[in-house]
J.: 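What follows is a structure written as structure tokens; I'll ask about it next.
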Amino acid sequence: MSEDALTNPQKLMVLIHGSGVVRAGQWARRLIINEDLDSGTQIPFIKRAMDEGYGVIVLNPNENYIEVEKPKIRVKSSSDSSYEPAEKRERKDKVSKETKKRRDFYEKYRNPQREKEMMQLYIRENGSPEEHAIYVWDHFIAQSAAENVFFVAHSYGGLAFVELMIQREADVKSKVTAVALTDSVHNVWHQEAGKTIREWMRENCCNWVSSSEPLDTSVESMLPDCPRVSAGTDRHELTSWKSFPSIFKFFTEASEAKTSSLKPALTRRSHRIKHEEL
């Protein structure tokens, strides 16, 4: 989180990457390795957002567990006996340790990647990308002071956002101003998103999809949810970076539209009252 993520009264941007090996702040490792940090990471989004007065929260939906070494269980040998002479017991222990050492060395030589037996411990309430999105919403985004919350969600991140809407529909509608999806893999039918969610998405979301058409060209959709436009690239992993300028423009226009809709219309009656008061 940026320092003002929870206290910024105006704007908060939330970034969600896709599935796989990527972690917080990354869009695609392939781009990071083969191209550059601008296209492969969320750094340009974070920098511009902070320059334009947004608070920022970066999600980490793929880190759902930690790996720890399995506890070693010592099985007491039937030959263990307190009645054995100490000298004999020490000699047997020494042979046993040397045998184990040789076995471990052979196992390591045969399979160097498996030096230790590991087990997965899932992180409480964050066992999946969907759980993580809901957890961050409940404990951070919902508590933030921002009047306008904006989401940028790539690929599976779009699915996680739709699941968040299904679970927290009223809260999301009250705080979120606009959502930019980039080649999202969500499916409102499979996820059983209701009619009111689909209607809200049509008004407040836009999905920049992989396409050979120029940036922002309208693209046909078979799903009754948000509008789809071209990201200006047919490479899935590049859609966030290529649609970067359009996303910020989309957020600015959504914020201005919300502000203008909240302003009371100037009627003849209100104008007359003000004139009489003067």
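In this chain, numbering begins with 1 at the start of the sequence shown.
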J.: Looking at side-chain heavy atoms only, is the closest gap between Pro129 and Asn64 below 4.5 Å?
T.: yes
J.: Which residue pairs pass the salt bridge (Lys or Arg N to Asp or Glu O under 4.0 Å) test with at least one member in residues 23-36, sequence neighbours excluded?
T.: Arg30-Glu237, Glu35-Arg235
J.: Walk me through it: do Ile197 and Val188 pass the test side chain to side chain contact (heavy atoms under 4.5 Å, CB included)?
T.: CA-CA 9 Å; Ile197 290 175; Val188 290; 5.8 Å; no
J.: Going by the rule side-chain contact (heavy atoms from CB on, under 4.5 Å), which residues pair with Ser2 if we only count those two or more places apart in sequence or in a different chain?
T.: Asp4, Ala5, Met50, Val56
J.: Would you please name every residue forming a salt bridge (charged side-chain N to carboxylate O under 4.0 Å, His left out) with Asp138, sequence neighbours left out?
T.: Arg168
J.: Side-chain contact test, heavy atoms from C-beta onward, threshold under 4.5 Å: evaluate it for Asn204 versus Val176 and give yes or no.
T.: no
J.: Do the side chains of Thr217 and Val229 get nearer than 4.5 Å, heavy atoms only?
T.: no
J.: Excluding sequence neighbours, so at least two apart, what forms salt bridge (charged side-chain N to carboxylate O under 4.0 Å, His left out) with Glu213?
T.: none
J.: Assess, by modelled atom type and distance only, whether the side chains of Asp216 and Ser246 contain a donor and an acceptor separated by less than 3.5 Å.
T.: yes
J.: Centroid separation under 6.0 Å, is that true for the rings of Phe250 and Trp208?
T.: yes
J.: Taking side chain as C-beta onward, heavy atoms only, is Ile141 less than 4.5 Å from Val149?
T.: yes
J.: Using 0.5 Å steps for rounding, measure from the CZ atom of Phe151 to the CE atom of Met13.
T.: 11.5 Å
J.: Are the side chains of Lys249 and Thr252 in contact, using a 4.5 Å heavy-atom criterion?
T.: no
J.: State the CG-CG distance between Leu6 and Leu12, to the nearest 0.5 angstrom.
T.: 8.0 Å
J.: Does the side chain of Thr239 come under 3.5 Å of the side chain of Asp183 through a donor N or O and an acceptor N or O?
T.: no
J.: What distance separates Glu147 CD from Thr177 OG1, expressed to the nearest 0.5 Å?
T.: 7.5 Å
J.: Examine distances only and state if a side-chain atom of Asn62 and a backbone atom of Gly18 form a donor-acceptor pair shorter than 3.5 Å.
T.: yes
J.: Can you label the angle between the Tyr54 ring and the Phe150 ring as parallel, tilted or perpendicular, going by 30° and 60°?
T.: perpendicular
J.: If we ignore hydrogens and angles and just use 3.5 Å, is the side chain of Asn60 paired with the main-chain N or O of Glu63 as donor and acceptor?
T.: no
J.: Among pairs that include at least one residue of residues 168-187, which meet ring-ring contact (aromatic ring centres under 6.0 Å, His included), considering only residues two or more places apart or in two chains?
T.: none
J.: Rounded to the nearest 0.5 Å, what separation is found between the OG atom of Ser128 and the CD1 atom of Ile123?
T.: 11.5 Å
J.: Between Glu69 and Met118, is the side chain to side chain contact (heavy atoms under 4.5 Å, CB included) condition met? List the steps.
T.: CA-CA 4 Å; Glu69 189 177 357; Met118 307 298 287; 4.2 Å; yes
J.: Could you report the tightest heavy-atom contact between Ile166 and Gln191, atom names first, then the distance?
T.: CD1-O, 3.0 Å
J.: Closer than 3.5 angstrom, by distance alone: can the side chain of Lys47 be matched with the main-chain N or O of Gln42 as a donor-acceptor pair?
T.: no
J.: Just checking, is any N or O donor in the side chain of Ser155 or His236 under 3.5 Å from an acceptor N or O on the other one?
T.: yes
J.: Should Met165 and Leu181 be counted in the same cluster of Ile, Leu, Val, Met, Phe, Trp and Tyr side chains packed under 4.5 Å apart?
T.: yes
J.: Is NZ or CZ of Arg48 both nearer than 6.0 Å to the six-membered ring centre of Phe244 and within 45° of the ring axis?
T.: yes
J.: Are His132 and Val136 side-chain neighbours, meaning at least one heavy-atom pair lies under 4.5 Å?
T.: yes
J.: When you look at Ile32 and Thr41, which way does the side chain to side chain contact (heavy atoms under 4.5 Å, CB included) test go after all the steps?
T.: CA-CA 7 Å; Ile32 294 170; Thr41 75; 3.7 Å; yes
J.: Run Val179 and Trp200 through side chain to side chain contact (heavy atoms under 4.5 Å, CB included) and show every step you take.
T.: CA-CA 11 Å; Val179 179; Trp200 186 90; 4.1 Å; yes
J.: Classify the side-chain pair Tyr135/Glu130 by whether it contains a donor and acceptor separated by less than 3.5 Å.
T.: no
J.: Could you state the interatomic distance from CG (Leu59) to NE2 (His17), rounded to the nearest 0.5 Å?
T.: 8.0 Å
J.: If you define the side chain from C-beta out and look only at heavy atoms, does anything of Arg228 sit under 4.5 Å from Cys206?
T.: no
J.: Measure the shortest side-chain to side-chain distance between Trp241 and Leu238 over non-hydrogen atoms and say whether it is less than 4.5 angstrom.
T.: yes
J.: If you round to the nearest 0.5 Å, how far is SG of Cys205 from CG of Asp225?
T.: 8.0 Å
J.: Hey, do the aromatic rings of Trp27 and Phe45 have their centres closer than 6.0 Å?
T.: yes
J.: Using salt bridge (charged side-chain N to carboxylate O under 4.0 Å, His left out) as the criterion, list what pairs up with Arg198, not counting sequence neighbours.
T.: none
